[in-house]
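Take a look at the structure set out below.
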Amino acid sequence: MNEDRPGTYDYRGIEAKWQAAWQEADLYRARDDDPRPKYYVLEMLPYPSGDLHVGHAKNYTLGDSVARMMRMQGHNVIHPMGWDAFGLPAENAAMQRNIDPRAWTESNIANMRRQIRLMGTGYDWNREFATCDPAYYRWNQWIFLRLYERGLAYKREAPVNWCPFDQTVLANEQAEGGVCWRCGNAVERRNLSQWFFKITDYAERLLAGLDTLTGWPEQTRAMQRNWIGRSEGTTFAFAVDGHADASVGVFTTRVDTVFGVSYVVLAAEHPLVQTITTPEHREAVTAFTASLSSKSDLERTSLMEKAGVPTGAFALHPLTGARIPIWIANYVLAEYGTGAVMGVPGHDERDFVFAKQYGLPIVRVVVPTDSDLAPDAPLDEALTGDGTLVNSGAFDGMSSADARRAITDALHARGIGEGVVNFRLRDWLLSRQRYWGTPIPIVYCPTDGEVMVPDAQLPVILPPNLPITGQGSPLARDAAFYETTCPKCGGPARRETDTMDTFVDSSWYFIRYLDARNETLPFDGARVSPMMPVDQYIGGSEHAVLHLLYARFFTMVLADAGMLDLPGGEPFERLFHQGMVWRNGEKMSKSRGNVVGIDETVETYGIDAMRLFLLKLAPPEDSAEWTDEGIVGRVRFVNRVWRISEPYFPIAKIIALDTLPPCTTDAERDLVRAVHLALASGAEETATRRFHYNTTTARLDELVNALSKATAEPGEPSAALLYAVHALPVLLAPFAPHLADELWSRLGYTESVHLGRWIPADPAALAVAQITVVVQINGKVRGRVTTQPGTPQAEILALALADPNVTNHIGEKPIRKEIYIADKLLNLVVA
RNA sequence: GCGUGGGUGGCGGAAUUGGUAGACGCACUAGCUUGAGGUGCUAGCGCUCGCAAGGGCGUGCUGGUUCGAGUCCAGUCUCGCGCACCA
C-alpha cells in the first residue's frame, strides 16, 4: 500500500532490495592486497543466545557506522563477525528440551545471523566462524599445547563448588546462596585437580602494558590495575614454638608495624592448621573449619562478622622473640598472599576489630606525624597511616618508609625474610567438568604420565549426541571417548575429560578472523601481523577485566612464541564501551519482559529509522532509554529526505561533489554551509574516535530543514540546491545505508555509495558572511551587533553604543574596561 | 572503604582553548492543509514579573578565582559502574 503513494518511502521493499544487492556484490569483503591503509574494527564476539533486541542493534550498528565511515574515508576496512558458540546455556537447553547442544546452537546462530544482516550491517562474512566448529577449536587445543610446552599450562588441586547429590561441579552462578540451582542441596567446596594457565607470569607485563593503552577508557585500565593488584611488601617467617620444622610465612605491606604483632592468623585451609593445632583445641578448630567449608565462596566473603578460634600453638616473634598465639579466622584468605597474616591491632582496622573481640593485646608502634593524639593514649581505632616508629627497638625514630626498608633488610640478614612483589591476580583456571566446550588435548598413561596429544592427532573431537543429564560430566561417562592409547608407549591410557573455559575461545578469535580458513595453523603470522592490532574494539564494560585481560595475555604469549609480530603484544589499540539500552527505567532483558525486538521494530519503522534513532538517542557510551514515541521522529526524517529528493530523480545527472557549487545568494551559501557542517561533524566524530554521531544527526536535521525551505522556492533549482540534494546520500551512507544507496542510484550514480568517497569539509564553505557579536555590560548580555567578520573593535563599540538598551545599562557611568573577543563578544565594564 | 564516570527544560540530550546556556529531536500548545485523525506545513515552548520594550532568576549544593564560570579551584550532597575482610 505504501509504494503507490508519492511522498512515502517504501522502506520494506527498498531495504530488502539493497541488502540483496550488497550480498550479491560481496561489497564488504576486505582483501590482504588492498593498498589502502587497513582499519580493523570489531565488535565483541556474540554468544548466540537466541533473539536480538534493539540494545544489541545499538552496538552492531555503531560499529557498522564506524566501518562505513572509515571505508568512505579511504581505508581497507576489516569488519568480521562470528559466534562464541560454546558454553553452558546450550547444555541447559539440552537438558530442558532434550535437544543436542550443537543443534540448539546452530539454530540460534542461523537466527542471529539473519537478524544481524537484517540491521543492514556490512560485515565481511567470508571470515565467519563458530568456535564450536572443530576447524576452530582444534586450534584452541594446538595453542593449549604450545602453552603447555612453555610451562604456561599446568595442573594442580583447587577448590570448586561441588554438588554431592548431582555429583557435579557448579559454576559460581549455579551455586548462589550456597545451594545447587538444580536440586537445592547444599553446595560443598571440594578440591579437584584442575588445569590452569599461568597468567601470573605475565602480571608485570599486563600491568605495564596498560600504561601504553591510551586509547582505552581510563576506568577500564583502572579496573585491570585493580584486578592485577600489585603490591610491594615483605614476606617473612614466624617460627612455631615446639615445631622445629614448621614456620608460618606471612606477607605484609606494613612491616614497619612488625613490633606491634600480638598474634598470627592462618586461613582455615592453611596446610599447617592440621599439624600445629594442639589436642585440646582440635575439636573447636575442626568445627570452625567445617562451618566455613560448608559455605559457598559468596557467603564466606560476604560474612560481616569476624570470627576465629585459637589453635593452641604459639609463634615466636622473629625480632623480639615474644611468644604470640596462632589463630585461624574467616577474614584470612588461603588464596591471597601466603594464606597467613601477622595481627597488628594497633595499625590495621581488621586486626583491631578482631583483637577487641577476642581480647588480644593492642600495642602502638607507629606514631602518626599528623596527629595530636598523645603517643601512649589508648586507641579508639587502628592508626593506619604512616608515621614515626616507637616501641620498636633499634628502629625507633625512623619514618615508616625508612623502617620498611631497614626491617626488611634485618629480616633478610637473618635469612627469614625478603622484600617481594605480590599480586592479587591468580592463575586462570580453565578446566570445566562439562560437555559443551573444547576437549583438553592431554592423555594420562600409567607409565608415561601426562602426555600431550600429538599435533597430527588434533582435533580431539567432541563426541556428538551424548546424554546430558546434569549429573557429572558426560565425557567422563563416555568410555568411547576417554578410553584411548598412550601416544608415547601405545599402551592403554585415559583421556582428559575436562573441557576448556569458553574464555579461551574468545582470547584469540580476533587473530583467526585475519586468516579464518587456514587449515595448517591457527593463523599465518606473516599474513595476520600487518593487519594487527584491532584498531577499534567495541563491546560492553562487563568484559573490562576477564575477557580483555585474557585476550591480552594470549596475544602476548602468541607474540612471545614468535607466531605473531606485534610490538608490545597489545591486541586492541582502542577500546570503546557502548552503553546499554534501557526501557521503563530498567535494563532491557528477556527476564524483565521489557525487550524491544529487532524484527518487530524493523517491520514497523524500517531499518534506517531504527539505526538513526539509536544513534540520535544519546552518545554511544551512555545508556539510553528506548521510547516508541521517539523513533517516530526518525521515521519522519526518513520520509522528509525522500520527499525532498524525489523531484530531482527525473533530472538525474552526475555532480562533482568535491567542488563547491557557485552561489549567488546568502540562502544558497547557507545551504552549502549546512552540507559542510554535517560533513565536518561526521568526520570529526570519527577522527576523534568519540563517535558522538548523535550530534551529526542534529546537523543532518538542520540540513534537511534548510533543504525543505529551499525546495519550496519556485523556479529552477540552483546549483547549490542540486549540490545539497546530491551530497545528502553521501552524508547518510554511514548511518542510513539503504536510503543512501537508493537515493544515490535514483540520482543517476551507478556504483554503490558505500564504495564512494566521503566529501572532505571545505573551510571555504564553512565560512560565514555575517557574524553576531554579543554586547555585554559587566558580563551580562545587553545587546547584539550584526556585521562582517573582521570588523575593528572601535567600529563594534560604535555600533553597540547605537543600541539604546546598551546605553541605558551604561547610564552615566564611565567605561572602565573593554574586553573584546574578535567576532564574538564585547564586554564593557562600567563602575 | 578503594577505584571510576555522571548530576543541564516536561523528556533524551547540545555547548572548541572559560566567551550568546538549552543546538537537534520527542512531548506539548496554537494555527494551516488534506478526501477521514496517526508519517504534511507554519509558529510557540527553561522558570518568573510585564500589554510591550525589557527585567530578575537559572546547569545538584556552598564558597572561591575571573571583566565573564555548565566549563577552572576547594569543599559538600547524590546517582551509576567496578572491586572489596587483599594482609
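Letters A, B, ... mirror the listed sequences (proteins, then strands); counts begin at 1.
Between A:K616 and the options A:D701, A:T696, A:N694, A:T695, a side chain to side chain donor-acceptor pair (under 3.5 Å) holds for only A:D701.
If you check distances only, the side chain of A:N226 never reaches the base of B:C83 with a donor-acceptor pair under 3.5 Å. Taking 3.5 Å as the limit, the base of B:C85 and the side chain of A:K306 contain a donor-acceptor pair of atoms between them. For B:U20, its base sits under 3.5 Å from the side chain of A:R784 at one donor and acceptor pair at least.
Counting non-hydrogen atoms under 4.0 angstrom, A:R640 reaches the backbone sugars and phosphates but no base. If you check every strand for non-hydrogen atoms under 4.0 Å, A:P217 touches nothing. Within the nucleic acid shown, A:E702 comes within 4.0 Å of sugar-phosphate atoms alone, with no base atom in reach, counting heavy atoms only. The residue A:R230 sits apart from the nucleic acid: no heavy atom pair falls under 4.0 Å. As judged by a 4.0 angstrom heavy-atom cut-off over every strand, A:L617 is placed among residues touching the sugar-phosphate backbone only. Counting non-hydrogen atoms under 4.0 angstrom, A:D348 reaches nothing in the nucleic acid. A:H347 comes within 4.0 angstrom of no nucleic acid atom, judged by non-hydrogen atoms across all strands. The residue A:N694 sits close only to the backbone: its heavy atoms come under 4.0 Å of sugar-phosphate atoms, none of a base.
Inter-residue side-chain proximity for A:L62 and A:F691 is flagged as met; some heavy-atom pair is nearer than 4.5 Å.
In this structure, A:L615 CG and A:S65 OG are separated by 4.5 Å, a value rounded to the nearest 0.5 Å.
Along RNA chain B, the nucleotide nearest to A:R634 and the one nearest to A:R690 differ in position, and the one closer to the 5' end is contacted by A:R690.
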